[in-house]
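Heads up, the thing below is written out as structure tokens.
Throughout, a chain's letter reflects where its sequence line sits, starting with A, and its residues are numbered from 1. Hydrogens, waters and symmetry mates are skipped; everything else that's a heavy atom, side chains included, is used.
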Amino acid sequence: MSMIARIYASLIFMAALAALTFNPLTYRERSVRQSALQEIGARCLPILPGFLLVSSFISLVIVQIVTETALSYGLSQFAVEVLVRSLILELIPLYVSLFVLIRIALPMAYASSASTGGAAPLQAALPFVQEPLSQGSHHQAGPLRIPLDMDSEQLLGRLVPHAVSCLFAIVLLTLLASLIALTISYLTVFGFSPWGLPEFTASIGRIFDPALAIVFMGKAFFFGLTIVFLPLSSPVARQDLALLFGILLLIEAVSLVALYY
Amino acid sequence: MQTQQLQKQALALIVATLLLFVSAVVYVLYARGAFEKTQSLVLISDDSEGVSVGMALTFAGFNLGRVQKIELSAEGNARILVGVPLSNAQWLRTSSIFTLEKSLVGGARLRAFSGILEDPPLEDGAIRTVLRGDASADVPRIAGAARALLENLAAQTDRQSALAATLQNLQAATDRLAGPSGALGLLAGNARTLAQVNRALEQTSQLLASSNQLMTNANQQVFGQGQTLAKPADGRAQGTVQQINLALAEAQKLLQEARNSLNQMNLVLAEAQAVAQNTRRATEDLALLRQDVESNLKTVEEMMQSLQQRWPFSRDSQLQLP
């Protein structure tokens, strides 16, 4: 199987899985709903305490560094803005993605690959793209035709709860980490007093303009796509962490370019 | 049983996440002022550089409103649309002044100043011109001035400059000061003048010596003390002052004698006075005597008259006028 064909097959499988995951009709079946809930419970709950601890620690350190630096240069009025921009907009999505990738997505991908008898889900689900040219004319691969047989559908159905739990974990952890970071920022800059709230709120309002909100959401979405669907779809991505990190950094760079140029 | 519990927990987690997400969205919308009723204020400026959408309009350091839109007017001015929440609008009055300040560090700042808070409130959609202050606008001027200053400084400190020449002269002067002829040589300038000065000094020194001797002699002449350079041959070593002293003593003696003479004169005068008193007393007695004589004479005369009126001695005493 050539390199291009493999990438192509991975993309097709990713698209199918994403379409299935984001399609509300998928969750009509009670079994899918239940297994999704179960996955969420089983995957997200155990990692929460550890994540909260790590996130608090990272936030505390960075907030302290930024505040001290701003204070020493007499620019404390910009401290909140710098914190929100650097911590919440850039750092938290990145480390949440890495955390979810390592603690949920990769183990899940290995598990699903093991459940298909050691074969990659791709190969089990889409046998027709394995040797597209040599398999004969009735298995033409193309973006408009995804002829999924029963086995593939079952496999996709089995993977959907994994993907959902993973995406949910990203949303949950990002929100929690942002909340923690905002709280620590406020407490560090203004102390235990409610009088800084209007100023704090005003600077948050200044930062989150519509363009930034869209870029931020888009970045988080593509981070999610990369770490959830890529390991599930591509055996290469499962084995090659550098590739995943590279893609994450590319998304980060694109978002930065979109925001500041 | 366990799976059901897990599902319930997962459901609770989903609900919590949704709540968190919705509250985050609501908070950001609130922070951007989506739930506030605002009145608009249009600020006109010839330059909107540094102004950005979302920027705050502050009053006394508090956020009063934020910039919602910046547009270019038909006159080519920047129109800065500021949304001011109605709760904050009380601080803006018809007499309020708006400034756009640019500092060297950080972005521009829009500020409002309301001096007279009793004035009527600013109406909705009011258009005001903004006063601009730009700290960085002065930078090129300062840089130009600094360059001119540095050029002047460079010209002054140049090797060919007057200051350098002066310093060199000063160096030569200090060298001469440190030399054998010293400050006198520096003042005299050339060797000939220096020799003249030296000669003048020597002469002055001689003059001083001779005047010193003169003074000593005069001293001796006047006070008669100290060493005499040349004793007089007749041995009269006494000075003028001593002689004067002797003369004074003699004069005092003379005065004493004169006083004694005067005292004797006084005695004589006292006696003369006594004589005079006696004489006055005698003259007083003389008057009595004269009166007595006079009365005697009168008595004699009366006796004579009575005698004459008697015969044979009667005489016609009547005077006949011619």
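- Residue B/Ile14 touches chain A through both its backbone and its side chain, counting heavy-atom pairs closer than 4.5 Å.
- Between A/Phe51 and A/Tyr95, the angle of the ring planes lies from 30° to 60°, which puts this pair in the tilted group.
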Working note: B/Lys69 + B/Val53, criterion side-chain contact (heavy atoms from CB on, under 4.5 Å); need CA distance, chi angles, decisive distance, verdict. CA-CA 6 Å; B/Lys69 199 175 167 189; B/Val53 173; 5.7 Å; no
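- Of the atoms belonging to A/Phe208, heavy atoms from both backbone and side chain fall under 4.5 Å from chain B.
- The contact between A/Gln34 and chain B is made by backbone and side chain atoms together, counting heavy-atom distances below 4.5 Å.
- B/Phe59 and B/Trp91 have parallel rings, their planes meeting at less than 30° on a 0 to 90° scale where 60° marks the start of perpendicular.
- If you take CD1 on A/Ile47 and CD1 on A/Ile104, they are separated by 3.5 Å, rounding to the nearest 0.5 Å.
- Counted within 6.0 Å of CZ on A/Phe222, heavy atoms from surrounding residues, nucleotides or ligands total 12 or fewer; the atom is thus considered open.
- Interface summary for chain A: among B/Leu13, B/Val67, B/Asn63, the most heavy-atom pairs under 4.5 angstrom belong to B/Leu13.
- Between chain B and the residues A/Val171, A/Leu172, A/Leu182, the most heavy-atom pairs under 4.5 angstrom are made by A/Leu172.
- Both the backbone and the side chain of A/Leu176 come within contact range of chain B, judged by heavy atoms closer than 4.5 Å.
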